[in-house]
Amino acid sequence: MKKRILIGAGVVLGLFLILLVSLFAFRSSLLSYTVNRVVEKVEGRYPVDLNIGNAAFNGLTSVVLSDITLTPHGQPQLFKTDSVHATVGFRSLFKGRIVLRELDVANSYLTAIKDGDRNNFSFLFRKDSTQPADTTAKSGRNYGELLNRVLETAFDNVPDQVDFSNLNVSYTSPNRVIDIRMPFLTIEDGNIESEVAIRTDSLTNNMFVKGTIDPRDYNIKASFYTSDTSGIRLPYVQEKFSGTVAFDTLHLGMNEKRFRRDMLTVKGSAMVNNLVVNHEKLADEDIYLREGAVDYVVSLGKNLFVVDSLTEVRVNKARANVYAAYNNANSKIIDLKVRTEELPANDFFESLPTGLFETLEGIQAEGKLQYKMKFHVDLDSVERVVFDSDLDASDDFKVVKWGKANLDKLKGPFMHTMYEYGKPIRTFMVGPSNPFYAPINQISPYLRNAVLTAEDAGFYSHKGFHEEAFRQAIATNIKNREFVRGGSTISMQLVKNVFLTRKKTVSRKVEEAIIVWLIENEEIISKHRMFEIYLNIIEWGPDVYGAKDASRFYFGKQPSELNLAESIFLTSIIPSPKRYRSSFDSYGNLRSWKSGYYRLIGGIMARRGLISQAEYDNLQPNVRLYGRARDLIVTAPDADYEDTTEFELETIDMLGF
């Protein structure tokens, strides 16, 4: 029995040795067969030529593939690598097929080239590689479908284990050159690590990359760390937007991808540390954010882009849910909603990025704040724009310490400096010690009412903001694609003049709104006091500030002596005081086009009972210049100052009051 067992074992061992010898004898043929199958599969799926110069075993289970190239038909070469060292699964040899594992790839070059409508890479993302891409279709493209194909192609080709050395990726077009060099890139058991140098035209970023990837669940996380003191800078921001964006660390992640009914939805998160943004339209200085993060849910389909309301944005300690949508199926429609939960007031102010709201830096408060905003616009009918913005405070909210801007100074006399083009041009006291200061009861009611009518009719009833005027301003700015109208109330103009620069930046406008809200919500000063300060500091001509200075400059009068026509004239030049001369001809007569403005403001004042009907009926766009203004404006020789021109006055009722 024992002898039979030994004989049987010998036979089995012999057969195994024969099989093993056969496998190793024919493994080269098996490798060639496998390589040919791979080439046939790739060339059958894509319009390319895949060449593998040599494939051979190098050791018991080691394979070396060399001189590998991938070239699209009729296009420049896309990929080239010198060699691939791989380990063959021993078990796969017994199954009669070769499975390569633990890839070591050396000196690889992925070269994407685009020239006009031709390129050597778009075939990777086409539904049907036998059909040419439609490069003429510009409208109706489903970018969600396109991005889904890109993601699936990328994740489907992630190897289980690979070690690249000297991996080079480049993109070249007539307008762009991007060059990425990685001395090493390793993917092992879902862990990614690399060192990267990215050159985009003249900008180079050096960074380390670490992350994880699970191709089956479309899950990826990656962290980018700067490897030098210059940080990581986004390319083309300077070229396209004349600005800069830089940061130290960026964390990106996607944990879910779903494509249904022609709509791609992705979920994930992102976080950035030490973000620096600079652009003249945003703020005067660098905007610095210590930490910002977002948990996003984004959907992309044909003619539709949506940031779901589940998206949460965090700026330092402050958190907000954001909804945004852009739909251009029939017309271009933009929606934006922002909502925060109640948060401690100090967290709100401490979370404001440094450099964005300079005058608010250092402010401390008690209580809680909550912000809500809704914006909707159809770009085919911008006059119907919807904009609602509310900052609500708890009953116990109060400011316990002011920052750089001490709003309490408005309660009494204060020194005020006027700036022009960022430079101080004049400093004066706003208070009774200044001989050109006029208490509000010493300013003509005609002037007070004309200014209120033209600049802010609801000044004494609103809380600092006129939402309808602001909506109209948004519509006008969208139509003109620039800041041409501000929608500012007298409260906002006061804050702009006393605490802020004249630059038209986004941050200044938001900062202006926050300061106005603080003044009105905290009731720091009365409306009467705000209006008095406003009338004493606004510009009314060349080095002319305040109602008293303006009354003397133009008419040689005290502000209490101004008549209706003079008051409406002074009101008319508030928006552009430096253009005061354009209101007059060389004889000192008001130009005829002023008559429309007089009828407009005068008509509103009459309907509101601010002037009598008789005063309105007798209103003429005719004023007499005296003092310094006459010397500057009247240039005609031997001018007869009496204005004998007959004006054709037409009723203009544009505002519907």
Side-chain angles (χ1 to χ4, degrees), residues 134-148 175 234 236-237 239-243 245 261-266 277 279-283 287 294 296-311 313 320-340 356 371-391 465-489 492 503-513 575 654-656:
D134 184 5
T135 58
T136 63
K138 301 297 182 183
S139 61
R141 172 175 287 184
N142 188 336
Y143 288 98
E145 183 181 40
L146 176 62
L147 180 57
N148 183 63
N175 301 317
L234 293 187
Y236 309 123
V237 177
E239 175 186 336
K240 284 191 172 183
F241 308 106
S242 300
V245 177
R261 298 175 182 173
D262 295 329
M263 178 75 71
L264 172 68
T265 299
V266 293
V277 178
H279 193 280
E280 62 177 5
K281 293 294 185 181
L282 295 177
I287 301 170
V294 58
Y296 64 85
V297 181
V298 177
S299 297
L300 186 62
K302 187 175 182 179
N303 303 314
L304 181 64
F305 174 81
V306 178
V307 177
D308 193 272
S309 58
L310 293 174
T311 298
V313 176
N321 285 96
V322 176
Y323 169 83
Y326 174 71
N327 189 331
N328 67 340
N330 298 311
S331 60
K332 296 179 180 179
I333 299 174
I334 301 172
D335 284 286
L336 177 63
K337 296 179 183 178
V338 179
R339 180 186 178 89
T340 71
L356 190 60
Y371 179 69
K372 293 173 287 185
M373 188 271 282
K374 179 181 179 181
F375 174 77
H376 170 86
V377 64
D378 184 335
L379 295 180
D380 288 343
S381 55
V382 296
E383 64 278 356
R384 297 180 182 177
V385 63
V386 174
F387 181 81
D388 296 305
S389 178
D390 294 302
L391 181 61
F465 306 97
H466 193 304
E467 291 189 353
E468 182 56 35
F470 201 71
R471 280 192 285 268
Q472 292 178 13
I474 292 174
T476 301
N477 293 334
I478 292 175
K479 286 181 179 179
N480 291 274
R481 297 185 178 182
E482 61 177 337
F483 291 116
V484 296
R485 181 175 176 182
S488 294
T489 61
M492 298 171 77
K503 291 187 177 180
K504 294 183 178 180
T505 62
V506 173
S507 66
R508 199 221 72 192
K509 201 66 182 176
V510 177
E511 189 172 22
E512 176 184 297
M654 296 166 54
L655 302 184

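These values consider heavy atoms only, across backbone and side chains, with no hydrogens, waters or symmetry-generated copies.
When the salt bridge (charged side-chain N to carboxylate O under 4.0 Å, His left out) test is applied to E239, the partners found at least two apart in sequence or on another chain are R176. Taking E511 as the reference, T359 meet the side-chain hydrogen bond (donor to acceptor under 3.5 Å, both in side chains) condition, with sequence neighbours excluded. With sequence neighbours left out, the side-chain hydrogen bond (donor to acceptor under 3.5 Å, both in side chains) criterion links S242 to no other residue. For K332, the salt bridge (charged side-chain N to carboxylate O under 4.0 Å, His left out) test picks out no residue, with sequence neighbours left out. Residues forming a side-chain hydrogen bond (donor to acceptor under 3.5 Å, both in side chains) with Y296 (at least two apart in sequence, or on another chain): none. Partners of T265 under the side-chain hydrogen bond (donor to acceptor under 3.5 Å, both in side chains) rule, at least two apart in sequence or in another chain, are S299.
Rounding to the nearest 0.5 Å gives a distance of 13.5 Å between NZ of K374 and OG of S389. Atom CG of L310 is separated from atom OH of Y323 by 12.0 Å, given to the nearest 0.5 angstrom. Rounded to the nearest 0.5 angstrom, L356 CG and I287 CD1 are separated by 4.5 Å. Atom CG of N148 is separated from atom OH of Y143 by 16.0 Å, given to the nearest 0.5 angstrom. The distance from atom CG of D390 to atom CE of M373, rounded to the nearest 0.5 Å, is 11.0 Å.
Within 6.0 Å of CZ in F241 there are 12 or fewer heavy atoms belonging to other residues, nucleotides or ligands. The number of heavy-atom neighbours closer than 6.0 Å to CG of N330, taken from other residues, nucleotides and ligands shown, is 12 or below.
What you find for V385 and F375 is that their closest heavy atoms are CG2-CE1, 3.6 Å. Closest heavy-atom contact between A324 and L336: CB-CD1, 4.0 Å.
Counting only distance, with no hydrogens or angles, the side chain of S507 and the backbone of L282 share a donor-acceptor pair below 3.5 Å. Looking at N142, its side chain does come within 3.5 Å of a backbone N or O of D262 through a donor-acceptor pair. Of the possible polar contacts, one joining the N321 side chain to the S309 backbone as a donor-acceptor pair under 3.5 Å is found. Distance alone, capped at 3.5 Å, is enough to place a donor-acceptor pair between the T340 side chain and the Y371 backbone. In terms of modelled atom types and a separation under 3.5 Å, the side chain of T311 and the main chain of V297 share a donor-acceptor contact.
Counting only heavy atoms from C-beta outward, the side chains of F305 and N328 never approach each other to under 4.5 Å. Between M263 and L304 there is a side-chain heavy-atom pair separated by less than 4.5 Å. Taking 4.5 Å as the limit, some side-chain heavy atom of I333 sits within range of a side-chain heavy atom of H376.
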Open item on the list: Set out, in order, the CA-CA distance, both residues' side-chain angles and the distance that settles side chain to side chain contact (heavy atoms under 4.5 Å, CB included) for M492 and F465, then state yes or no.
Closed with: CA-CA 8 Å; M492 298 171 77; F465 306 97; 4.0 Å; yes
